[in-house]
Amino acid sequence: MTIKIEQALNQKLNTYAAGKSIPVKWDFYNDGTEPSIDGLHFRQNVFKTENVIVGMELTGSNSHEGIYQIMICGQSGEPSGVLKTEVDNVLTEFKRGQKVFYSGVSVFIENISDAQPLYSGSYVKVPVSIKYRAFIGN
């Protein structure tokens with residue numbers, strides 16, 4: 001069931017990225033090599049935490065929590081204004097209190113924050129962390 005949580009968030013990211021013509025390097029297609037994407041692009045990953053039982057009955061729910069992380073990547077040496085603007089846009093797009101849906105699962109966005117840029121080879125990466133929660137029945 002947790003794949004539906006990831007798919008809900010991936011679908012939201014994909015819709016946003018496609019609307020702005022920004023490529024996404026999806027983690028589950030990663031073959032271990034550095035992507036050959038030049039310029040501004042996104043990468044994503046999911047960090048799951050332990051599920052918590054909300055109800056003990058057979059029809060009870062489980063609370064699934066975790067972090068959906070989007071890395072906003074740009075070329076090193078390019079003006080940082082474009083990267084900073086896109087970080088702000090993503091923070092606005094995935095704002096706290098939203099619900100996203102996929103195949104009967106509702107995912108609540110509880111919090112969103114960005115971190116300091118990471119410098120890696122030819123890329124500058126700004127991590128944006130989206131804390132989520134979903135309640136899924138047994």
Side chain to side chain contact (heavy atoms under 4.5 Å, CB included) partners of P117, counting only residues at least two apart: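 Side chain to side chain contact (heavy atoms under 4.5 Å, CB included) list for P117, sorted by chain: Y119, V124, V126.
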Is it the case that N10 and Y68 place a side-chain donor and acceptor less than 3.5 Å from each other?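 Their side chains do contain a donor-acceptor pair, which is all the 3.5 Å distance test asks for.
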[atom1]-[atom2] distance between [X] and [Y], expressed to the nearest 0.5 angstrom:
{"X": "Q75", "Y": "L83", "atom1": "CD", "atom2": "CG", "answer": "11.0 Å"}
{"X": "I5", "Y": "E65", "atom1": "CD1", "atom2": "CD", "answer": "10.0 Å"}
{"X": "L13", "Y": "Q44", "atom1": "CG", "atom2": "CD", "answer": "6.5 Å"}
{"X": "F135", "Y": "S63", "atom1": "CZ", "atom2": "OG", "answer": "4.5 Å"}

Within-4.5 Å side-chain heavy-atom neighbours: M71 and H41: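 Not in contact.
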Measure the shortest side-chain to side-chain distance between K25 and F42 over non-hydrogen atoms and say whether it is less than 4.5 angstrom.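 Answer no - side chains too far apart.
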Atom of V24, atom of A17 and distance for their closest heavy-atom approach: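 Between these two residues, the closest heavy atoms are CG2-CB, 3.6 Å.
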Evaluate side-chain contact (heavy atoms from CB on, under 4.5 Å) for F47 paired with N45, printing each intermediate quantity in order. CA-CA 7 Å; F47 304 101; N45 206 342; 4.3 Å; yes
Evaluate the criterion side-chain contact (heavy atoms from CB on, under 4.5 Å) for residue pair I72 and R43; output intermediate values, then yes/no. CA-CA 7 Å; I72 302 166; R43 299 181 195 184; over 6 Å; no
Tell me which donor-acceptor pairs under 3.5 Å the side chains of residues 99-110 have, and how far apart each pair is, sequence neighbours excluded?
| residue | atom | partner | partner atom | Å |
| --- | --- | --- | --- | --- |
| E110 | OE1 | K131 | NZ | 3.1 |
| E110 | OE2 | R133 | NE | 2.9 |

Considering the options V87, L118, I67, which one meets the side-chain contact (heavy atoms from CB on, under 4.5 Å) requirement together with P127?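 Result for side-chain contact (heavy atoms from CB on, under 4.5 Å) with P127: L118.
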Output a table of donor-acceptor pairs, distance under 3.5 Å, between side-chain atoms of residues 89-97 and any protein atom two or more places apart or on a different chain; print 'none' if there are none.
| residue | atom | partner | partner atom | Å |
| --- | --- | --- | --- | --- |
| N89 | ND2 | T85 | O | 3.4 |
| T92 | OG1 | D88 | O | 3.0 |
| E93 | OE2 | K12 | NZ | 3.2 |

